[in-house]
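In what follows, chains are A, B, ... by sequence order, proteins preceding strands, each numbered from 1. We use all heavy atoms of the structure for the numbers below, so side chains are in, but hydrogens, waters and symmetry mates are not.
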Amino acid sequence: MARTRIAEILKQDTPPGTVTVMGWVRTKREAKSFSFLEINDGSCLANLQVVADRGVSGYDESVVAARTGASVKVEGTVVPSQGQGQRWELQATKVELLGAAAEDYPLQKKGHSMEFLRGISHLRPRSNLFGAVFRMRSRMAYAIHRFFQERGFVYVHTPIITGSDCEGAGEMFRVVTMDGEAAKSGAEEFFGKPTYLTVSGQLEGETFASALSDIYTFGPTFRAENSHTSRHASEFWMIEPEMAFCDLAGDMDLAEEMIRHLVSDALESCAEDLAFCNQFVDKGLVERLQLVRDQAFERISYTDAVELLRASGETFEYPVEYGLNLQSEHERYLTEKHFRRPTTVYDYPKEIKPFYMRRNDDGKTVAAMDLLVPGIGEIVGGSQREERLEVLRANLAEHGLEESHYDWYLDLRRYGTVPHAGFGLGFERLLMFVTGVANIRDVIPFPRTPGAAGF
RNA sequence: UCCUCUGUAGCUCAGCGGUAGAGCGGGUGGCUGUUAACCACUAGGUCGUUGGUUCGAUCCCAACCGGAGGAGCCA
């Protein structure tokens, strides 16, 4: 099945001669004595225009029968195109229909609504937009690994099934066997105790940072929250670096450097797909990404942010007050109106943050940080972790958590504790930011949300 | 979990208390180095479901189901 990818053909400066191309028919324009077929194989956004004369081998059985959606194999010669709109085209010598498409093939040449395409998750990657999005998803995953590997971080696979039942990061899915009776009684738990799908690999990540210094995780994460928004899914991917011998400042530095690196990589290596997103999804996308790449990020303490918001004269639906969480509208004001750039907010009141964050010397705040980006809001959340055993125990007590559940976590503080810090990056949030796509369901191949787990 | 909007042809939508229409898509024919091609003809809908109001409901009311957006929570 030797073939040449369309991306390979289209990037040539001189025609590559005779090739065999395989792909799916995006559209066909038929004339009396010949046809134009536009073929896409997913290797790039652009189609390859095939010119098939009526005399071509297999014309009646293949070219005539090849409707939009059909798969074909085309042999021919790459030649400069006589028409506008493409540099090269394939002058076919032989066309073979690999798989016909029934006439009810749902993807039309016209634009479809995102809602409709969500209903056909198995076919939507054949559309321009979803092809672009999922090529970029792949590229961003690669760029993330490269970013960390080049800096000496070790990739750690933290467990997907976990026994930590109070990580404080949201509602969890319970793991049970198919035998309902045993699950109900609890007597015959498969693992001997209740288990859940992970909501974060952070605590496990800390154990490896306490051995290998700089580590990161990159894997699926599950939240059983019944949220119905464009930014939440029940299953998503998260990147969680954790660094020993690192404080909050170093943590913020890394998060900002990472975001800038990924945006820069997208601009460089996904130019064609980005241009498409810029035209059809978000007209300001490329310009915004260029600003992120080129400008310094803003950094402001929670305390100063609250003051700034109160002094802004802006009327908010929810009150701005020290001790309250910043609302979406507040974050939006900071990144979209006031600073107009990615902004890191740090040093939050201890009452609104989890037990593991490091208590600051002021006694009121913890060394936490959220990196906010325009259009999305929080994309990174992180902190310096509490490395002092007694302070951590006090935090557990203050949060009403049972110390015995955190034995192994406390051990890290008993045996050679070190200052350390880390953060979590929502992979899909990053993709939304980088593609301009407004709904998280449209950057996940088969999204899982409350009430929806199709395919 | 709460609030709001929405459900008419394959898709996007219009419509109206008297049982339905457009554009695109599909099919057929024609035409052209075409490119969201063009022209003509044509097929296709128990108007989300179940009740209620009414002489009569796709239209009004209620419940339910599905979809979307927002809030909260977070990534």
Side-chain angles (χ1 to χ4, degrees), chain A residues 26-39 46-53 67-69 79-86 89 91 101-120 123 127-128 167-171 198-202 218-240 255 280 317-318 324-329 331-332 352-354 370-373 376-382 423-433 438-444 449-452 454:
Chain A
R26 280 293 177 77
T27 177
K28 179 176 64 169
R29 293 176 289 276
E30 228 173 322
K32 189 177 250 175
S33 58
F34 62 93
S35 293
F36 293 106
L37 293 171
E38 290 212 28
I39 310 296
N47 302 325
L48 178 67
Q49 174 162 288
V50 171
V51 186
D53 291 322
R67 285 193 204 85
T68 300
V79 298
S81 179
Q82 296 173 33
Q84 302 292 309
Q86 60 280 316
E89 64 188 19
Q91 185 68 51
E103 62 196 46
D104 58 355
Y105 180 66
L107 285 171
Q108 303 176 183
K109 293 179 213 174
K110 284 227 161 196
H112 287 288
S113 68
M114 300 296 256
E115 290 84 352
F116 171 70
L117 290 166
R118 266 172 228 152
I120 51 168
L123 296 173
S127 67
N128 285 332
E167 293 180 15
E171 297 294 315
T198 184
V199 292
S200 164
Q202 181 201 314
F218 186 3
T221 307
F222 306 87
R223 302 278 167 89
E225 294 284 351
N226 189 17
S227 4
H228 292 260
T229 82
S230 55
R231 301 180 308 283
H232 292 85
S234 309
E235 176 182 315
F236 61 99
W237 284 57
M238 192 154 63
I239 297 98
E240 295 181 288
F280 289 102
E317 190 183 340
Y318 292 89
L324 296 182
N325 262 310
L326 296 182
Q327 302 288 323
S328 299
E329 57 173 345
E331 299 179 349
R332 219 170 287 138
I352 58 175
K353 289 293 181 182
D370 284 348
L371 174 45
L372 315 173
V373 294
I376 309 287
E378 184 182 340
I379 196 168
V380 165
F423 62 80
L425 165 73
F427 186 46
E428 283 79 8
R429 297 251 172 111
L430 171 80
L431 290 172
M432 292 167 72
F433 183 59
N439 196 308
I440 196 167
R441 280 167 272 215
D442 301 325
V443 297
I444 301 178
T449 52

Chemist: What's the separation between atom CZ in A:Phe433 and atom CG in A:Leu431, rounded to the nearest 0.5 Å?
Modeler: 12.0 Å

Chemist: Taking only the side-chain nitrogens and oxygens of A:Arg231, find out if one of them lies under 4.0 Å from OP1 or OP2 of B:rG69.
Modeler: no

Chemist: Quick one: are A:Ser81 and A:Gln49 in side-chain contact, heavy atoms under 4.5 Å?
Modeler: yes

Chemist: What integer number of Å spans the C1' atoms of B:rG44 and B:rG51?
Modeler: 30 Å

Chemist: I'd like the C1' distance from B:rU50 over to B:rU1, given in whole Å.
Modeler: 27 Å

Chemist: Once you apply a heavy-atom cut-off of 4.0 Å, does A:Phe236 come out as touching a base, just sugar-phosphate, or nothing?
Modeler: base

Chemist: Rounding to an integer number of angstrom, what distance separates B:rA40 and B:rG45 when you compare their P atoms?
Modeler: 24 Å

Chemist: Base, backbone or nothing for each nucleotide of nucleotides 35-49 of chain B, written B, S, -, heavy atoms under 4.0 angstrom, 5' to 3'?
Modeler: BBS------------

Chemist: Toward the 5' end of RNA chain B, which comes first, A:Ser230 or A:Met238, by nearest nucleotide?
Modeler: A:Ser230

Chemist: Counting the atoms with a prime plus P, OP1 and OP2 as sugar-phosphate, which does A:Asn439 contact under 4.0 Å by heavy atoms, base, sugar-phosphate, or nothing?
Modeler: sugar-phosphate

Chemist: Are the side chains of A:Arg26 and A:Asn128 in contact, using a 4.5 Å heavy-atom criterion?
Modeler: yes

Chemist: Roughly how many Å apart are B:rG23 and B:rC2, using the C1' atom of each and rounding to a whole number?
Modeler: 39 Å

Chemist: Take the protein atom CD of A:Glu225 and the nucleotide atom C1' of B:rA71, then report the distance between them rounded to whole Å.
Modeler: 13 Å

Chemist: CZ of A:Arg29 to OG of A:Ser35: how many Å apart, nearest 0.5 Å?
Modeler: 10.0 Å

Chemist: What are the two closest non-hydrogen atoms of A:Gly382 and A:Asp370, and how far apart are they?
Modeler: N-OD1, 4.4 Å

Chemist: In whole Å, what separates the P atom of B:rU4 from that of B:rG56?
Modeler: 32 Å

Chemist: What about A:Gln108, does its side chain sit under 3.5 Å from the base of B:rG10 through a donor-acceptor pair?
Modeler: yes

Chemist: Look at the side chain of A:Gln91 and decide which nucleotide, out of B:rG33, B:rG69, B:rC31, has an atom nearest to it.
Modeler: B:rG33

Chemist: Measure the acute angle between the ring planes of A:Phe34 and A:Phe36, then classify it against the limits of 30° and 60° as parallel, tilted or perpendicular.
Modeler: perpendicular

Chemist: Is there side-chain contact between A:Gln91 and A:Asp53, with heavy atoms separated by less than 4.5 Å?
Modeler: yes

Chemist: How about A:Met114 and A:Asn439: do any of their side-chain heavy atoms sit closer than 4.5 Å?
Modeler: no

Chemist: Considering only atom P, compute the distance from B:rA57 to B:rU49 and round it to an integer number of Å.
Modeler: 15 Å

Chemist: Please measure how far the P atom in B:rG17 lies from the corresponding atom in B:rC13, and state the result in whole Å.
Modeler: 23 Å

Chemist: If you check every side-chain atom of A:Phe116, which of B:rG33, B:rG26, B:rC11 has the closest atom?
Modeler: B:rC11

Chemist: Heavy atoms under 4.0 Å, any strand shown: does A:Arg26 hit a base, just sugar-phosphate, or nothing?
Modeler: nothing

Chemist: I want to verify a distance call: between B:rC74, B:rU34, B:rG70, whose nearest atom is closest to the A:Glu378 side chain?
Modeler: B:rC74

Chemist: For RNA chain B, just give me the dot-bracket, please: Watson-Crick or G-U, both distances below 3.5 Å, ( ) intra-strand, [ ] crossing earlier pairs, | paired with another strand, . unpaired.
Modeler: (((((((..((((....[..)))).(((((.......))))).....(((((..]....))))))))))))....

Chemist: Could you say whether A:Ala233 or A:Ala438 is positioned toward the 5' end of RNA chain B, judged by the nucleotide with the nearest heavy atom to each?
Modeler: A:Ala438

Chemist: May I have the step-by-step check of side chain to side chain contact (heavy atoms under 4.5 Å, CB included) for A:Leu430 and A:Ile379, ending in yes or no?
Modeler: CA-CA 7 Å; A:Leu430 171 80; A:Ile379 196 168; 4.3 Å; yes

Chemist: Rounding to an integer number of angstrom, what distance separates B:rU46 and B:rG52 when you compare their P atoms?
Modeler: 23 Å

Chemist: Please evaluate the base of B:rC74 for a donor-acceptor partner in the side chain of A:His232 within a cut-off of under 3.5 Å?
Modeler: yes

Chemist: Within a strict 4.5 Å, meaning less than it, do heavy atoms of the A:His232 and A:Ile440 side chains meet?
Modeler: no

Chemist: Would you say that A:Glu89 contacts A:Val79 through its side chain, given a criterion of any heavy-atom pair below 4.5 Å between the two side chains?
Modeler: yes

Chemist: Measure the distance from CD on A:Glu329 to P on B:rA71 and round it to the nearest whole Å.
Modeler: 9 Å

Chemist: What is the distance, to the nearest angstrom, from the NE2 atom on A:His112 to the P atom on B:rA68?
Modeler: 17 Å

Chemist: Please state whether the phosphate of B:rC73, meaning OP1 or OP2, lies under 4.0 angstrom from any side-chain nitrogen or oxygen of A:Thr229.
Modeler: no

Chemist: If only side-chain N and O atoms of A:Ser227 are considered, is one of them under 4.0 Å from the OP1 or OP2 phosphate oxygen of B:rC73?
Modeler: no

Chemist: Just wondering, do A:Asn47 and A:Leu37 contact through their side chains at under 4.5 Å, heavy atoms?
Modeler: no

Chemist: How long is the line joining CZ of A:Phe36 and P of B:rC31, in whole Å?
Modeler: 16 Å

Chemist: Ignoring hydrogens and geometry beyond distance, is the side chain of A:Glu115 in donor-acceptor contact with the base of B:rG69 at under 3.5 Å?
Modeler: no

Chemist: Tell me, do A:Leu107 and A:Ile120 make a side-chain contact under 4.5 Å, heavy atoms counted?
Modeler: yes

Chemist: Mind calculating the distance between CG (A:Asn325) and C1' (B:rA71) to the nearest angstrom?
Modeler: 14 Å

Chemist: Would you indicate what A:Glu240 reaches in the nucleic acid, counting non-hydrogen atoms under 4.0 angstrom: base, sugar-phosphate, or nothing?
Modeler: nothing

Chemist: Contact class for A:Thr68 (heavy atom, under 4.0 Å): base, sugar-phosphate, or nothing?
Modeler: nothing

Chemist: Using whole Å, what does the distance between atom P of nucleotide B:rC74 and atom CD1 of A:Ile440 come to?
Modeler: 16 Å

Chemist: Between A:Asp104 (CG) and B:rA9 (P), how many Å, whole number?
Modeler: 16 Å

Chemist: On the nucleotide B:rA71, are OP1 or OP2 found under 4.0 Å from the side-chain N or O atoms that A:Arg332 carries?
Modeler: yes

Chemist: Look at the side-chain N and O atoms of A:Ser328 and state whether any lies under 4.0 Å from the OP1 or OP2 oxygen of B:rA71.
Modeler: yes

Chemist: Let me know the distance between CG of A:Leu107 and C1' of B:rU12, rounded to the nearest Å.
Modeler: 15 Å

Chemist: Students often get this wrong, so: under 4.0 angstrom with heavy atoms, is A:Asn226 touching a base, only sugar-phosphate, or nothing?
Modeler: base

